[in-house]
Structure formats: C-alpha cells, structure tokens
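Data block below; observations after.
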Amino acid sequence: MKIRYSKGLWMGIMGFVLHDGPPYANGDLHMGHALNKILKDIINRYKLLQNYQVHYVPGWDCHGLPIELKVLQSLDQDARKELTPLKLRAKAAKFAKATVKTQMAAFKRYGVWADWEHPYLTLDPEYEAAQIEVFGQMALQGCIYRGRKPVHWSPSSRTALAEAELEYPEDHVSKSVYAVFKLVSVPTSCEMLEDFFPNLGIAIWTTTPWTIPANAAVAVNSKLQYAVVEVHSDSVDFSPSNIDGKKKLGNVLNQHDKLLLIVALDLVPTLEAKWGKKLVLKKTLTGSQLENCRYVHPIDDRECPVVIGGDYITTESGTGLVHTAPGHGQEDYVTGLKYGLPIFSPVDDDGMFTEESGPFSGLDVLGNGNVAVIEYLDENSSMIMVEPYKHKYPYDWRTKKPTIFRATEQWFASVEGFREAAMDAIDQVTWIPSQAENRISSMTSSRSDWCISRQRTWGVPIPVFYHVESKEPLMNEETIDHIQSIISQKGSDAWWYMKVEELLPEKYRNEASNYEKGTDTMDVWFDSGSSWAAVLEKRSGLSYPADLYLEGTDQHRGWFQSSLLTSIATNGKAPYHGVITHGFVLDEKGFKMSKSLGNVVDPSTVIEGGKNSKDLAFGADVLRLWVSSVDYTGDVMIGTQVLRQMSDIYRKLRGTLRYLLGNLHDWKDDYSVPYGELPMIDQYALFQLENVVKNIKESYDSYQFFKIFQIIQRFVIVDLSNFYLDVAKDRLYVGGTSSSTRRSCQTVLSVHLLSIVRVLAPILPHLAEDVWQHLPFQFTTENGRLANFVFESKWPMLNERHLAFPEKEVDFWGKILELRTEVNKVLEVARGKKLIGSSLEAKVYLHAFDNNLAARLVNMCASENDADTLHCIFITSQVEILPSLENLQDEDIPCIGEYLIQGKNKIWIGVSRATGSKCDRCWNFSSQVGTFEDHPSLCGRCYNVVSQPMPVVAAA
C-alpha cells in the first residue's frame, strides 16, 4: 500500500509536512541513514493514523566535491586529461542518479513510505532554477558580496570549504614554535623600553609556522600585564614536551649574551619551565602601552607594528603575544581590517608557497615548507624553541586531510544583515531536544560570513560575469532572471555549453565580448539550504514553513542552519515550525563504527542477512523496533547482541498477536458483550488497555518513541501475556464455544487486537499489515468506511467509559495482581517439595486480616462467572478463604507464605494438593469427576459443555 495523495480521500483533513533533508548521493547507506529515515517514517505513519494528510517527498543532494571525486577516481590518468567540464558533469550526474536509485531501493526495504515516484533531486532543472532565484534575491538585497578574506581551504580538494564541511580530530600534531621578533622602535608611551635596545624582542608562539612569511603584525591584549624578562643561561627544571619529549631549543638562546623578551607576566613561570631557562623580571607594562611598537619581520626585514587584538589573546597558552597574518586567520583578518594591515597569502590552490614567499617558493606549507620556515628562523636567531603540539585541527571531511586558512577571492553571504532576525526566528521554533536551541543559537550568533563559492565543476554555477579587463562582476536582476529562466529549461549544464552572448540578457549582448563567465559553483549547503524554496514552495500539497525537519545533530551547523539563513534572508522567517535532532549510531560497546575496526553494522545485512553465517537476517521490522527502542536524542548503540534482544521481543509481540487472532477465528461483532455485562477482570483489562493507548499517543505526540517501546513491551509481555491471556485460556478453550465467559473474553481480545495492531503500526508496519490482512472479521471506521488496510483504520478512538473504571476497583485489582504473584511463589515452593506438579493440582488457602478484604475475596470465590473467580485467576483447582488460622494443622497445609499489602494489611497464603479427581478435559480437580454415568471422567462444567448439541455448520 502507498501513502495516498488523492484530494478526494483527504478532503477537509489537516496536512502534515515533514521535509526530508537530502542525503548525499555518493555511496551506500549506513546505519545513520536507517535511523534517520525510519524515525521520519514512524512520525509520518502515526500522523496518517491521526487522520492527517501526509506529504513526504524524499530528496537527494546530488552536487559537490564527493561525487566529483568519485568520478575522477574511476578514471585513469589519460581519461582525466581528456575530461572536459561538460563530460565530467555528465559522468557526475549519471553517478548521482544511479546512487539515488540504489539508495531509494534500500529506503523502501526499510519500510519507508514516501512519494518515491516524484522525489526531489538538487540536480533537477526546476530545483536549480529555484536555487538561483534564492541566490538572486539575497544578492539584490545586498546579502551576497565578493571579497578577499581568509577561508578554510582544502589543498587536497583544491577548493574553499564551509564550516559544515570540516571535522576536527583531536589527535592532530603540529610543530609549534616559540619565536622572537626584534623590536626596533617604540612610541612615547613606552620610551622606557629603549633602555633595553638592541637586545629586546617580542616572543610569539604559533602552531602554524608556515604562516610567518605572511606576518603583518603582533597583537596584544590591552587588558593584560606584560613583562620584560632577561633570559639567563642558568638552567631550571626542563619540562618535557607533551608528545614523546621531542622538543628543540633554538640557537638564539646560545648565541645571545644578553637576550631580553617581552611576554605576558602571568606566563613567566610557565615559560621558564617550558624553555628550561631562568627568566629575570626587568620591567612590567600594560598591553595598551605596547601598541604601535615596531619590530623587524624575521624573514623579509620589513617593519611591522604591534597592535591591540581581542579577547582571543589569553594567558592559557603561548606567550600572550599573537603572531598576526590577516591572510591566514579569521581573527587576524578582523584585526587587520581595524589597522589597515595587508592581506598577504603567498600560498596557491595546492597548498604550495608561491614566489611571493621568497626562499620557500614551491614548498608544501603543511610539509617541507613548514619545516623550512622553522629552520630559517633558527638559522637567523629567531627561534626560541620548537615542539610537537597535539590539538584539534580542521580536516576536510571528504579527503580526511588537513586544511589551511587562506585568503582568496570568494563569494560570501553576509550574515550580519539578518543575524538578529535569525536569532528571533530560532526562538519561535520548537526544538527537540530542547538543548538543541542553545547549540544552533550559539553557532548562529557567532558565525562569520558564509563562504558560498567553490572552485569545482560539479555544481550550480554562481551566475556572474566578469569584465575581461577590470574583472568587475556583472550581476543584477536582469542577468540573474535571464540565467534562471535558461536553467529552468536546460539545467545548469547550459552555463558550460552556452556562449556568453546567449547567457546574457538582450540589452547586454552587444557587450558580450567584454565579459567572461565565472567558474565558481555554489556551496552544496546552499543547494540543500534552498530546498524550502525548490520543494516546499513549489510542490502542490506541500506547505512552507514545514511542520518538521528531522536530521542528525551535526546539521545544526549544516542543513538546519543553511536553510534557516537562506529563508530568513529572503522571507524573514524560519523554514520550519519544529526541528528534531538525533545522535550518531555507535557499535554496542559505544565506539564509532569504522571498517578498520570491523565493527560496522550494515542495515541491509541486518535485514537480509550476510554472506557470513553469523550475519543473521532479522528483517526490517526488527531494525525498526530497535529505532523505536533507543533515545535518539543522544548517540545510540547497535550490534548483534542488541539485535538479538530486539528479535526476541519482536517474536513475543508477534506471538501475542497470533494468539489474539487465533482466539478470534469465529468472532463476529454481533457476539460483542455490552460493557456493563462484562466480568470485572475484563473491565479492568479494558481500563489497562485504554491507559496504554492514551500513554502511547502522548509519547507519539512528543516524539518519545523509546517510551512507546517500553510501554508496549511491558503491557504485551507482562500485563497481557503473563496475566490476562494466561488466565483467559481456561474460558477460551474449555468453557464452550458460545459460552458467555468466552464471548466476553473475545470481546476484550478483539478490542486489544484492534488497538495493539494500530498503535504498533507506525513502528512495525509489516507485522501490523500482516495481522490486518488476517483479521477474521471486517473493520469499519467511525465514518462507515471499510478499512481494507491497517493505515485506513485510523487511530483507536478514546473510550471514556473504559477509562472511568472506578479508582477503588483499579486499586483492588492491583492488589489481586500482587497477591497472584505471591501465591505463585508459594506454589513454586510446593512444586519444589514435590507436593504438586501443575498449579491445577493445588488448592490455595487465604486468610485476610482485613475484614473488608476478606469479604471481597469470599465473594470472588462464589462469583457467578468463572472469569472473576480466584481459582481461575490463580490457575488452581480450588481456593478457600479461611475465617481464622486457629486449629490449622501443618500436615493439612504443608506450604505457607505471607503477603503484606501496602506494608500494613497482611494476607496469609497456604497451599495443599487439590481435593477430588482430575477432569480429563479441563485438568481441573473436582469432586464431581466420576458422578456422571455417561461421562465419568468429566467435571460438572465440562459435562455441561459436551452435553450441548453441536452447532450447525452451513454447507459451503
């Protein structure tokens, strides 16, 4: 069955839109995909049962570097040389579409419902055109600009990267350097420093020595205290490096008779221990006094200033003075703008030093170039010490290689103009879990401008033309609208195969020879971040903003944020009313999955089984049951042991549903017993069921599926199977096919079956539909429609009468359940003493010290219906309520126990063998066995049943 989109079927029903965040179309699915898609499907299916019109359009992110790299990796060197941009794009599109097809089949196998025939792909022309439209609106509002500033650059991918395309391993090791830059002049505010010339220098510390050729200033914190210290040759305790003890002191410490350094006052003891040299305090001064001091650049001898930086300058590490290269760092860049410093970045796209770097030209900045800079500093008496330093460092999430900060000409989206509006919108969205709001708020409030240009071929082009001579960009409403129109018809390939004069509007065609097309493509986060415009606003039946977005927690800096920023910038509102985030999937020991560790759990293997005999086939519903069992708001664990536990629970649920079906094989609605005529045990069972359905609905509504798992597991396996169904077997199998007690039990079972199968359906749709197709009776909804499929049946209607079961009775039946547990303990003792085998061989004696309770128990023993009798509830042959414990003989009642009700009222329990003989039919012991001449082996009840005439069965 498919989700139906027929307007006639859903007339007048509220819509629900969960907007699908597009997975990347570049490989096989992993368990994170399964968790994500199944969570979405559970929500959609529940909303469907709640009578919502559900619209779920699956999507795929089809552009970007990972797909481009896959194509390039599949080609040999000669084929790569012949690869034109259009050929590469054609191969990338083919690869993406093939991956979409494979992933779609896997999602279907998970049991995910969606409009699979009409997915959205970011490579579709209509999608690309909508994306160009969003870009154009932002550009015309002044939110898009071109500038030269440092961005995360991946030498391994040869492109700029967004923050969301980075990962930060904590075990990266850098060569950190303490260096000295010689002071040559000071302002009047610190003339006292001239007394220390020419031996005075400023000490800096950096983990990126390769950026020193681009140094333009040294920054200090105006609020910190600084000290002039003299480096003595006297050694102090030399603290070993934090990594393998590999540290090296520079020549400057040995070549200078008198070396004086400026460092932060608070760091003097730390630096003494670090360098192993005595540092004698000569003078103190503030950071603000140091402003406008000048030093000689250690490589090219130009003079550079000391400037005031921001709060990023601390005494937690380093020297308290920060080497500043505006072309290689965001904070450096901001400081550079304040002081008009040059934005110098002598590094090319491959991460190699350019000729502007002088002696380091052609060297790799992350390799031999870094080493060469360190050696140069040491040879020229500018290095105090070098040591390895382990820390977090940004890596390209695709190539898994280090990135650099590098100033290049890029296109940016200015967040500053709409940051406040974005923060206000965040406050209006419902975030699950609630702490997610803090995370995206902090990321949005502190984020710098968004670099949206990429130096790649496979993507949506930034629709800009550059003047051949002046390089000034041409981009306005007319040019953007014209390109949008072309792309909507021909796709973004048109940018590559059409000429400039064809891409320009009519009024500019005479000037076409003066312009060239830009070669940058848009960041893929801009692609997916425009999905609200390309899908929610354009597709019939969808709505903007969406009711819900649901993705992994990493999307706070990815899709959630890019969608928010583009939507706020163009429409002033968030693209979603609610956002749910889930954690990552780990192995069952809590470790990250990786092929090298051999701990990867493949969802397809979980469902279908693997080549290894240990890889059991659990089926899609077991995988879905696992998804429902975990608290997805944090990281979740899965493995063989976990799946086996889920499989056991699934089998128990399935077994219970089969039991219900089997005992309703002859059921018709006409047989239903009115509520007021039901035995009390049946009314109590319906009360329990109604509470369970009510609590499950609340958990679905709050998206706390793990609570549903806990509720249903306890109810079906404990409350239902271990109690009600256990005691019901006697009247279902023994009491006669048309007896009142059997019909009343079937009435309860039918309500349970119809309720359980529907509340389970969003989680276990295959099992639910299997049950529904085997219903021995038809089900009609409240509006008279025949439900041929479980998802046509709607959510169980709330039954207020079932919930109105008296509180006093709820309390009493709770005590009966506890008493039954205690009776079973005494029965087990009797079984251990070989007094009885089956519990039907036992007679139970009870004495209640509370008179009211004793009277109630006496009444139950004399109940007119078998269902409410104590011996049926205990599954014993007899129960006797003793008025007193006086004159009891141990040999008469050999096994005893006691039970305290709520810590005060006591019930005495005794067990002996049952009196009478065993009935061959029901196995109960009765004194009536042997009294019926025509059926001497039956008890009175069974004799009455078999004496009834057989029901007439109509001929087929």
Side-chain angles (χ1 to χ4, degrees), residues 652 655-656 659 663 679-682 684-685 716-735 739 741-742 745 813-848 856-863 865-882 888 890-899 901 907-930 937-942 945:
K652 289 176 181 177
T656 300
Y659 178 92
N663 282 287
M680 294 303 290
I681 190 174
D682 289 346
Y684 178 64
V716 171
I717 296 171
V718 179
D719 296 338
L720 198 56
S721 296
N722 290 354
F723 173 56
Y724 186 80
L725 298 184
D726 197 23
V727 304
K729 290 174 184 176
D730 184 77
R731 53 179 169 146
L732 286 171
Y733 300 157
V734 179
S739 67
T741 54
R742 182 169 186 266
C745 186
W813 279 94
K815 293 174 183 176
I816 291 297
L817 286 178
E818 292 178 29
L819 177 58
R820 182 175 185 264
T821 301
E822 297 303 315
V823 167
N824 283 337
K825 291 179 182 178
V826 182
L827 288 171
E828 194 58 40
V829 173
R831 193 174 286 113
K833 291 182 177 182
K834 308 298 183 182
L835 179 67
I836 63 170
S838 162
S839 63
L840 289 173
E841 296 175 8
K843 178 177 181 178
V844 172
Y845 300 85
L846 300 175
H847 172 70
R856 183 69 187 269
L857 295 176
V858 169
N859 289 336
M860 289 186 73
C861 287
S863 175
N865 65 74
D866 290 342
D868 287 340
T869 56
L870 280 178
H871 79 87
C872 285
I873 291 171
F874 295 157
I875 315 180
T876 59
S877 287
Q878 294 119 24
V879 173
E880 181 180 344
I881 310 302
L882 300 175
L888 278 180
D890 290 344
E891 58 271 17
D892 294 334
I893 307 176
C895 295
I896 61 173
E898 285 185 349
Y899 164 52
I901 299 177
I907 294 182
W908 180 91
I909 305 167
V911 170
S912 72
R913 279 196 64 84
T915 59
S917 301
K918 181 179 179 180
C919 172
D920 282 353
R921 184 170 179 273
C922 68
W923 294 9
N924 276 263
F925 282 72
S926 171
S927 59
Q928 292 178 314
V929 175
S937 63
L938 299 184
C939 66
R941 178 182 58 164
C942 290
V945 172

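Note that this is a predicted model, so its numbers are computed, not measured. Residues take their numbers from the sequence shown, with the count starting at 1.
Residues L846 and L819 meet the side-chain proximity criterion, which asks for heavy atoms closer than 4.5 Å. Between W908 and Y845, the closest side-chain pair of non-hydrogen atoms falls below 4.5 Å. Side-chain atoms of I873 and F723, non-hydrogen and from C-beta on, do get closer than 4.5 Å to each other. V734 places a side-chain heavy atom less than 4.5 Å from the side chain of R941. Side-chain contact between L720 and Y724 is present, with heavy atoms from C-beta onward closer than 4.5 Å. At least one side-chain heavy atom of L732 sits less than 4.5 Å from a side-chain heavy atom of Y659. Looking at N663 and K729, their side chains never come closer than 4.5 Å, going by heavy atoms from C-beta outward. For the pair N924 and Q878, the minimum side-chain heavy-atom distance is 4.5 Å or more.
Counting only distance, with no hydrogens or angles, the side chain of D868 and the backbone of M860 share no donor-acceptor pair below 3.5 Å. Remark: side-chain polar atoms of Q928 are not paired, donor with acceptor, to backbone N or O of C939 under 3.5 angstrom.
There is a side-chain donor-acceptor pair under 3.5 Å between S721 and T656.
When the side chain to side chain contact (heavy atoms under 4.5 Å, CB included) test is applied to E828, the partners found at least two apart in sequence or on another chain are R831.
Taking both residues in full, the closest heavy atoms of R921 and C942 are given as NH1-SG, 3.4 Å, listed atom of the first, atom of the second, then distance. When all heavy atoms are compared, the tightest approach of V911 to A842 is CG1-CB, 4.0 Å. S839 and L827 make their closest contact through CB-CD1, 4.2 Å (heavy atoms, listed as atom of the first residue, atom of the second, distance). Shown here for L835 and C895, the closest heavy-atom pair between the two residues is CD2-SG, 4.1 Å. Counting all heavy atoms, side chain and backbone alike, D726 lies closest to R820 at OD2-NH2, 3.1 Å. A pairwise comparison of heavy atoms in L840 and C922 identifies CD1-O, 3.9 Å as the closest pair.
Considering NZ of K843 and CZ of F874, their distance stands at 14.0 Å, rounded to 0.5 Å. Expressed to the nearest 0.5 Å, how far CZ of R731 lies from SG of C745 amounts to 4.0 Å. Between E898 atom CD and E822 atom CD the span is 10.5 Å, to the nearest 0.5 Å. Note that the OG atom of S863 and the CG atom of N859 stand 9.0 Å from one another [nearest 0.5 Å]. In this structure, OG on S838 lies 8.0 Å from CZ on F925, to the nearest 0.5 angstrom. Atoms CD1 and NE2, on I907 and H847 in that order, are 10.0 Å from each other to the nearest 0.5 Å.
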Q. Going through the checks in order, is the salt bridge (Lys or Arg N to Asp or Glu O under 4.0 Å) test met by E818 and K815?
A. CA-CA 5 Å; E818 292 178 29; K815 293 174 183 176; over 6 Å; no

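Remark: of the listed residues I893, V879, I881, L870, V879 is the sole one forming a side-chain contact (heavy atoms from CB on, under 4.5 Å) with V844.
A salt bridge does not link R742 with D730: every distance from a Lys NZ or Arg NE/NH1/NH2 to an Asp or Glu carboxylate oxygen is 4.0 Å or more.
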